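Worksheet: one structure, shown below.
Numbers restart at 1 for each chain; the letters A, B, ... are given by sequence-line order, proteins then strands. On a predicted model such as this, the values are computed, not experimentally measured, just so you know.
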Amino acid sequence: MLAKRIIPCLDIKNGMTVKGVKFVGIKEVGDPVELGALYAQQGADELVFLDITASHEGRKTFVDLVRRIAQHINIPFTVGGGISELKDAEALLNAGADKISINSSAVKNPQLINDMAQNFGSQFVVVAIDAKHFDGDEWIVTVNGGRIPTEKRLFPWAKEAEERGAGEILFTSMDHDGVKQGFANEALAKMSSELSIPIIASGGAGNMEHFKDVFTQGKADAGLAASIFHYKEIAIPDLKNYLFNEGINVRL
Amino acid sequence: MKVAIIKYNAGNIRSVSFALERLGVEHIITADPEEIRSADKVIFPGVGEASSTMKYLKEHKLDELIVSLTQPVLGICLGMQLMCSYSEEGGVECLGIFKEKVQKFVLPEPNPDLIKVPHMGWNAITNVNSDLFDISLENTFVYFVHSYYVALGGETAATTHYIHPFSSALHKDNFYATQFHPEKSGDVGSKILENFIKL
């Protein structure tokens, strides 16, 4: 049976790992390669490296860092931030990235999803969506680290991304991100029932029970978190054991 | 020991190369028939679409070369599928090393567990029965990304369950293949690559 995945996310700025609370007030917490290798050894199922400064400062993800990660880490990893053209993705593929995630650039130019999927395969293309809850089922898609609302709505946009060839959706609830009160399970479950590609849940993990809930109630395929791992509030082996004992299929 | 990774338009060549580097195994990435033929071990990686990749292999005469190899050969993911007789992906005749056919996963109906295709993530290998594996690898997790699968048959060397049981590894004579990515499967994957190198 396919295991539910636990994915630490490493936000990168100037080659260092950072985690912002609601994307402001950034603190440095470590070397991405060292931290990534540690997580891999502890049982992380995948890693995500996001160059968080890239989208608004136009900075390109450091291909050299990606190469170092690929050399040292023996589990799959996704790289995102500032990828707006095929050649950005190709450079990352050639450096050893297993997947790329596109966010603002896909909102601005949805055709980019088709182009990426056709050139590199859907398995390489993660569409990341940051959204804020508006009313009822209405979630507004935001770009540039949650700062700018767009015309797009979460569920139709996720479906469109799938139809255009996305291999996975990484959904971050901007209402839940950084506040540690649990994931946006209702929206996640709705998305999971509407889409046939895997959903990575992001935003809101504060304790181990939140991960259980995101898999059972949120129907997510993977749970992503950052600060609770970086600040050692939850150790990955403890989390995996807890989930296993709660009857959730995880890789131990 | 000379290990050759077959160079063609596959997506995961660099990852395989890095995995061998981590094991301290010297290797070359090459499309040169003589270099491939004279290697002690050959790895045939693969990420991509079956029919277009098969076309590429034929254009570069790599199809005849791969079939004629007599040293241990390891096909990975699409590499394994291309070593089969036929793939539903693009409806293409493949290398025919393994007699199995490659089929598309069909979602169950109804689908209460919200099963997704591709089969992406970590799943367990069971009934392991080739030299690639030892008993310590029974029921361990490895990393998969695929939408097409090979059914169970006489050449099955490991079994995984997704929607239904399928062949997560194949073996016939000097040809070994894994549907999963050993180069991305943590310590378990490293062990499998190591076992292949030691053959």
Side-chain angles (χ1 to χ4, degrees), chain A residues 1-7 37 40-46 66-77 90 92-99 117-124 126 162 167-169 188-189 191-200 218-222 249-252, chain B residues 9-23 46-50 52-53 77-78 89 105 107 111-124 126 139-147 160-163 165 180-193:
Chain A
M1 208 166 90
L2 187 64
K4 298 291 189 183
R5 289 173 278 158
I6 299 297
I7 308 179
Q41 196 196 353
Q42 289 182 339
D45 297 302
E46 278 184 52
V66 171
R67 190 181 310 275
R68 280 210 297 136
I69 294 164
Q71 280 170 327
H72 290 97
I73 293 175
N74 60 8
I75 60 170
F77 69 96
E90 194 170 10
L92 294 165
L93 175 72
N94 290 335
D98 298 288
K99 309 175 192 179
Q118 274 155 24
N119 277 274
F120 311 115
S122 287
Q123 85 292 333
F124 187 63
V126 180
E162 175 181 34
E168 280 179 293
I169 301 290
L188 282 159
M191 189 184 288
S192 199
S193 68
E194 290 179 2
L195 268 57
S196 61
I197 54 175
I199 312 289
I200 304 167
K219 312 285 180 196
D221 298 281
N249 189 38
V250 287
R251 178 180 69 113
L252 289 180
Chain B
N9 62 341
N12 63 335
I13 289 177
R14 191 163 303 272
S15 302
V16 174
S17 170
F18 285 150
L20 293 181
E21 240 176 69
R22 286 193 292 271
L23 290 171
V47 166
E49 194 273 334
S52 56
T53 307
C77 195
L78 180 65
E89 188 179 23
F105 275 122
L107 287 174
N111 187 4
D113 299 328
L114 303 177
I115 288 170
K116 315 285 175 72
V117 171
H119 173 221
M120 179 187 283
W122 297 81
N123 206 333
T126 58
N139 210 13
T140 53
F141 282 88
V142 290
Y143 189 80
F144 292 86
V145 186
H146 61 124
S147 300
T160 294
H161 198 285
Y162 192 65
I163 305 175
F180 56 87
H181 288 275
E183 75 279 14
K184 285 288 161 182
S185 295
D187 295 342
V188 168
S190 302
K191 185 82 180 88
I192 292 167
L193 286 174

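Using a 4.5 Å cut-off between heavy atoms, A/Ala40 makes no contact with chain B at all. The contact between B/Ser190 and chain A is made entirely by side chain atoms (from C-beta outward), counting heavy-atom distances below 4.5 Å. Interface remark: B/Glu21 contributes side-chain atoms only to the contact with chain A (heavy atom separation under 4.5 Å). Neither the backbone nor the side chain of B/His146 comes within contact range of chain A; no heavy atoms are under 4.5 Å apart. In this structure, chain A has heavy atoms under 4.5 Å from both the backbone and the side chain of B/Asp187. Proximity to chain A is limited to the side chain of B/Val145, based on heavy atoms less than 4.5 angstrom apart.
Per-residue heavy-atom pair counts under 4.5 Å with chain B were compared for A/Ala95, A/Gly96, A/Ala70, and the maximum is reached by A/Ala70. Counting heavy-atom pairs under 4.5 Å between each of A/Ser193, A/Ser196, A/Gly121 and chain B puts A/Ser196 at the top. The choice from A/Leu2, A/Ile75, A/Asp45 that makes the most heavy-atom pairs within less than 4.5 Å of chain B is A/Leu2.
A/Glu194 contributes atom CD, which lies 11.0 Å from atom CG of B/Leu114 (distance to the nearest 0.5 angstrom).
Inter-residue side-chain proximity for B/Met120 and A/Ile197 is flagged as unmet; no heavy-atom pair is nearer than 4.5 Å.
Residues forming a salt bridge (Lys or Arg N to Asp or Glu O under 4.0 Å) with A/Lys99 (at least two apart in sequence, or on another chain): A/Glu46, A/Glu168. Applying the side chain to side chain contact (heavy atoms under 4.5 Å, CB included) rule to A/Ala222 yields the partners A/Arg5, A/Ile7, A/Ile200; only residues at least two apart in sequence or on another chain are considered.
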Go through it in stages, so that I can follow the logic: the residues are B/Phe18 and A/His72, the test is side chain to side chain contact (heavy atoms under 4.5 Å, CB included), and I'd like the CA-CA distance, side-chain angles, deciding distance and then a yes or no. CA-CA 8 Å; B/Phe18 285 150; A/His72 290 97; over 6 Å; no
Starting from the C-alpha separation in whole Å, work towards a yes-or-no answer on side chain to side chain contact (heavy atoms under 4.5 Å, CB included) for B/Tyr143 and A/Asn74. CA-CA 11 Å; B/Tyr143 189 80; A/Asn74 60 8; over 6 Å; no
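Nearest approach of A/Ile73 to B/Arg22, heavy atoms of both residues: O-NH1, 3.4 Å. The minimum heavy-atom distance linking B/Trp122 with A/Arg251 is given by the pair CE3-CD, 3.2 Å. For the pair A/Ile199 and B/Lys116, the tightest heavy-atom approach, listed with the atom from each and the gap, is CG1-NZ, 3.9 Å.
Between the side chain of B/Arg14 and the main chain of A/Asn94, a donor-acceptor pair closer than 3.5 Å is present.
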